[in-house]
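Below is one structure, written out as structure tokens, with a few remarks after it.
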Amino acid sequence: MCTGKCSRFVGLSLIPLSLTCIVANTLLLVPQGKTTWTNTGHLSLQVWLMAGFLGGGLMVLCPGIAAVRAGGKGCCGAGCCGNRCRMLRSIFSSAFGVLGAIYCLSVSGAGLRIGPKCLMDSRWDYHFRDTEGSYLQNRTLWDLCVEPPGVVSWNVTLFSLLVAASCLEIVLCGVQLVNATLGVFCGDCRKKGTPR
């Protein structure tokens, strides 16, 4: 596969993954679709760190767009020199994306391990913090959180989605780093008459 085609494939894969992270983080802010707990400070720190919105979202959306542009025509010039310039930009952008995806992965993983902040025994706290993530296997504990209702399954589902998406983003940004480096040094194997 040519470096240009590979860039387009990676970019077109990163864009929906980053949008998925943005939507998942937005949903974490409104447990069960209700804004009742958003303004009162009863959401966990990992939700407020916006790892899905900033790290896995915006910081990966930029490399996705840069990779798509590196795989086709752009304003950086035509021919070999223009494509190498776009590939060089894609290298830096992909490195930025790896950092964002790692941020998303670490915060989301911590969110899964610590558990949500919820009302249990008339007290708002991180009641699953000391279980070191074992609450994930014991669903009977999930019902002990009174408010927000269903917050444990909500957080587990969305943080798991963020973990999976950020793992894929790390892999794809890493592939694009290697691909773009090859594109800078070796150029693109497509011929001038080949559509981009």
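Scope of the values below: all heavy atoms of this structure, side chains included, with no hydrogens, waters or symmetry mates.
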*Side-chain contact, heavy-atom cut-off 4.5 Å: Phe128 with Pro116?*
yes
_Leu161 reachable from Leu168 in the ILVMFWY side-chain graph, under 4.5 Å edges_ = no
_Tell me the closest heavy-atom pair linking Val152 and Cys145, and the distance in Å._
CG2-SG, 3.9 Å
_Do Leu17 and Leu172 have side chains that approach each other closer than 4.5 Å (heavy atoms only, starting at C-beta)?_
yes
*Evaluate the side-chain proximity of Pro148 to His42: yes if any heavy-atom separation is below 4.5 Å, no if none is.*
no
*If two hydrophobic side chains count as joined below 4.5 Å and joins carry through other members, does Leu28 share a cluster with Leu136?*
yes
*Heavy atoms from other residues, nucleotides or ligands near OH of Tyr126 exceed 12 (cutoff 6.0 Å)*: yes
*asked:* Applying side chain to side chain contact (heavy atoms under 4.5 Å, CB included) to Leu29 and Met50, what does each step give before you reach the verdict?
replied: CA-CA 9 Å; Leu29 290 168; Met50 300 280 192; 3.6 Å; yes
*Evaluate side chain to side chain contact (heavy atoms under 4.5 Å, CB included) for Val156 paired with Tyr135, printing each intermediate quantity in order.*
CA-CA 10 Å; Val156 167; Tyr135 79 96; 4.2 Å; yes
*asked:* Please give me the minimum heavy-atom distance between Gly97 and Val60, naming the atom from each residue.
replied: O-CG2, 3.6 Å
_Residue pair Val10, Cys6: steps toward the side chain to side chain contact (heavy atoms under 4.5 Å, CB included) verdict_ = CA-CA 6 Å; Val10 168; Cys6 183; 4.2 Å; yes
_Once rounded to the nearest 0.5 Å, what's the spacing between atom CG of Asn179 and atom OG of Ser90?_
7.5 Å
_Run the side chain to side chain donor-acceptor pair (under 3.5 Å) test against Thr140 and tell me which residues pass, sequence neighbours left out._
Asn138
*Look only at the side chain of Ser93 and the backbone of Arg89, and say whether a donor-acceptor pair between them is shorter than 3.5 Å.*
no
*Please examine the side chains of Ile91 and Leu177, heavy atoms only from C-beta on, and report whether any two atoms are closer than 4.5 Å.*
yes
*Which distance, rounded to the nearest 0.5 Å, do you find between the OG1 of Thr181 and the CG of Leu88?*
9.0 Å
_I want to check something: taking the side chain as every heavy atom from C-beta on, are Gln46 and Ile114 in contact at a cut-off of under 4.5 Å?_
yes
*Can you tell if the side chain of Asn25 reaches within under 4.5 Å of the side chain of Cys21, non-hydrogen atoms only?*
no
*asked:* Quick check: do Lys117 and Leu43 have side-chain heavy atoms less than 4.5 Å from each other?
replied: no
*Decide whether Leu12 and Ile170 are clustered together by the hydrophobic rule: side chain heavy atoms of Ile, Leu, Val, Met, Phe, Trp, Tyr closer than 4.5 Å, transitively.*
yes
*Give a yes or no answer on whether the side chain of Trp154 reaches the backbone of Gly33 with a donor-acceptor pair at less than 3.5 Å.*
no
*asked:* For Gly115 versus Ser44, what's the shortest heavy-atom pair and its separation?
replied: O-CB, 4.5 Å
*Would a hydrophobic clustering, with Ile, Leu, Val, Met, Phe, Trp and Tyr connected at side-chain separations under 4.5 Å, put Phe96 with Val178?*
no
_Ile15 vs Val68, test: side chain to side chain contact (heavy atoms under 4.5 Å, CB included). Steps then yes/no._
CA-CA 9 Å; Ile15 291 171; Val68 170; 4.1 Å; yes
*Would you give the length of the straight line joining atom CE of Met59 to atom SG of Cys173, rounded to the nearest 0.5 angstrom?*
10.0 Å
_Nearest heavy atoms of Val47 and Phe159, plus distance in Å_ = CG2-CZ, 4.0 Å
*asked:* Rounded to the nearest 0.5 Å, what separates atom CZ in Arg8 from atom OG in Ser13?
replied: 11.5 Å
*Can you tell me how far the CD atom of Glu147 sits from the CE atom of Met120, to the nearest 0.5 Å?*
12.5 Å
Sequence neighbours left out, cut at 3.5 Å: what donor-acceptor pairs do the side chains of residues 98-112 make with other protein atoms?
unit_1, atom_1, unit_2, atom_2, d
Tyr103, OH, Leu49, O, 2.8
Ser106, OG, Ile102, O, 3.1
Ser106, OG, Tyr103, O, 3.0
Ser108, OG, Cys104, O, 2.8

*Honestly curious: do Val23 and Trp48 fall in one hydrophobic cluster under the side-chain, below-4.5 Å linking rule?*
yes
